[in-house]
Peer 1: 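My questions all concern the structure below.
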Amino acid sequence: MVKIIGVRFRNAGKVYYFDPKSFEIHSGEHVIVETARGVEYGTAIGGVREVEDDKVVQPLKAVIRMATEEDDAHALRNREKEREAMRICREKIQKHGLEMKLIDAEYTFDNNKVLFYFTADGRIDFRELVKDLAAVFRTRIELRQVGVRDETKLLGGIGICGRVLCCHSYLSDFAPVSIRMAKEQNLSLNPTKISGVCGRLMCCLKNEEETYEYLNSRLPGQGETVTTADGRTGVVQNINVLRQRVKVLFEEGEEKELEEFDVADLNFRPRRRKEKSGKGKDKDKDKDREKDKDNKDKDKDNKDKERRRSRSSDAQTQEEKELQELEALERKEGKPKSHKS
């Protein structure tokens, strides 16, 4: 076991581990640590604790000292300087006529570097911009291109639920989200209803994925044939996942009857649920299997679409169009790029 302290440098940012040495550090206190970017001012998360050796990347850098009142005041001055840096950088971008959107500016604690975060549709030639900024700030300049998810995380906002965005308030990492999760939860596949402020699929689709997987594994599929306790056979017409209720259609000659049953009162072949292991290696294998299955599901969906196109002259249904828009939405996300001077 290794004794560590988790430190966060930005609101809802990633938590990094450091060696607390002999300091008594409590959650919420500020510390001065050395990072790859230099000396930084961060906030302790969770207090000192012990974790397993394989969860720590060695060598573990140590906490330099507890932050003093002077350090707190210096950090506040840096926040004020960042606002001024944003104003100057925007003027320079406008002067050079660059097609880029400035998102945020950040000073390192020792003022050894200024980082500017921006978004752009493609590659930007900002060599002249970097020269102008270096002449003004007289320090190292780094321009970092980020994606739309990162932009939303930095800027913040209110989601359709009426609460502060998850990524801006507590979510330190972006979990992979797929259309399959929306299907599993029986949500509308309309992109405007399941997309977040960033325009990508909502991160909260991941929150209830396991619950819906478990509940759906106990239910028959829509259109599946089931048998009641009294021996009648019918076809599933509708499913209420949360209530675990099933509406079954019975046909007797020309007469049709629709009844609702509790899932425990029906006989059918249950769906197989994915097994998940608690061990690290098994988790990675499960993730790989999930990705492979997602790819196979997408390939199957595409093949099904091709068959439907050949059978019908109506081209595509509204649901297929929405699926295509969602798939394009997922592929649109690009990797952030970093440029230094």
Peer 1: Indicate yes or no: does E106 engage R37 in a salt bridge with an N to O separation below 4.0 Å.
Peer 2: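 Result for this pair is yes, salt bridge flagged.
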Peer 1: Using a 3.5 Å distance criterion without hydrogens, assess whether the side chain of E29 forms a donor-acceptor pair with backbone atoms of H26.
Peer 2: yes
Peer 1: Let me see the working for F9 and F109 under side-chain contact (heavy atoms from CB on, under 4.5 Å), right down to the final yes or no.
Peer 2: CA-CA 10 Å; F9 301 102; F109 182 73; over 6 Å; no
Peer 1: Going through the distances and angles, do E80 and R77 end up as a salt bridge (charged side-chain N to carboxylate O under 4.0 Å, His left out)?
Peer 2: CA-CA 5 Å; E80 294 174 359; R77 287 195 297 271; over 6 Å; no
Peer 1: Within the distance-only criterion (no hydrogens, no angle test), does the side chain of E151 pair as donor or acceptor with the backbone N or O of I103 below 3.5 angstrom?
Peer 2: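 Absent.
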Peer 1: Can R87 and E91 be counted as an ion pair, charged N to O under 4.0 angstrom?
Peer 2: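 Looking at E91 together with R87, the answer is yes, because their closest N to O distance falls below 4.0 Å.
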Peer 1: Could you tell me whether E142 and R144 make a salt bridge, using a distance below 4.0 angstrom between a side-chain N and a carboxylate O?
Peer 2: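 Looking at E142 and R144, the cut-off is met.
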Peer 1: Going by the side chain to side chain contact (heavy atoms under 4.5 Å, CB included) test, name the single residue among L115, I124, V130, L102 that passes it with L143.
Peer 2: V130
Peer 1: Using residues 63-72 as the side-chain source, report each donor-acceptor pair under 3.5 Å to any protein atom, sequence neighbours left out, with the distance given to one decimal.
Peer 2:
| residue | atom | partner | partner atom | Å |
| --- | --- | --- | --- | --- |
| R65 | NE | D71 | OD2 | 3.3 |
| R65 | NH2 | D71 | OD1 | 2.9 |
| R65 | NH2 | D71 | OD2 | 3.1 |
| T68 | OG1 | E70 | N | 3.4 |
| T68 | OG1 | D71 | N | 3.3 |
| T68 | OG1 | D71 | OD2 | 3.2 |
| D71 | OD2 | T68 | N | 3.0 |
| D72 | OD1 | Y41 | OH | 2.6 |

Peer 1: Closer than 3.5 angstrom, by distance alone: can the side chain of Q145 be matched with the main-chain N or O of A120 as a donor-acceptor pair?
Peer 2: yes
Peer 1: Check for a donor-acceptor pair, side chain of Q222 on one end and backbone N or O of N238 on the other, with a separation under 3.5 Å.
Peer 2: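 Pair absent, no side-chain N/O of Q222 close to backbone of N238.
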Peer 1: Taking S217 for the side chain and Y214 for the main chain, is one N or O donor matched with an acceptor at less than 3.5 Å?
Peer 2: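 Yes: the side chain of S217 pairs with the backbone of Y214.
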Peer 1: Give a yes or no on whether a salt bridge exists between K81 and E84, defined as a side-chain N under 4.0 angstrom from a carboxylate O.
Peer 2: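 A salt bridge is absent here (no side-chain N lies under 4.0 Å from a carboxylate O).
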Peer 1: Does V241 offer a backbone N or O that forms a donor-acceptor pair with the side chain of Q244 under 3.5 Å?
Peer 2: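 Side chain of Q244 to backbone of V241: a pair is present.
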Peer 1: Look at E209 together with R180 and state whether they make a salt bridge at an N to O cut-off of under 4.0 Å.
Peer 2: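 Yes, this pair counts.
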Peer 1: Under 3.5 Å, is there a donor-acceptor pair between the side chain of K153 and the main chain of L171?
Peer 2: yes
Peer 1: Using modelled atom types only, decide if a donor and an acceptor are shared between the side chain of S172 and the backbone of K14 within a distance under 3.5 Å.
Peer 2: no
Peer 1: Within this structure, what is the CE-CD1 distance for the pair M181 and I194, rounded to the nearest 0.5 Å?
Peer 2: 11.5 Å
Peer 1: Quick one: OG1 on T225 to CG on N267, what's the gap to the nearest 0.5 Å?
Peer 2: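 The distance works out to 13.0 Å.
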Peer 1: Between the side chains of D125 and R123, is the shortest nitrogen-to-carboxylate-oxygen separation below 4.0 Å, so that they form an ion pair?
Peer 2: no
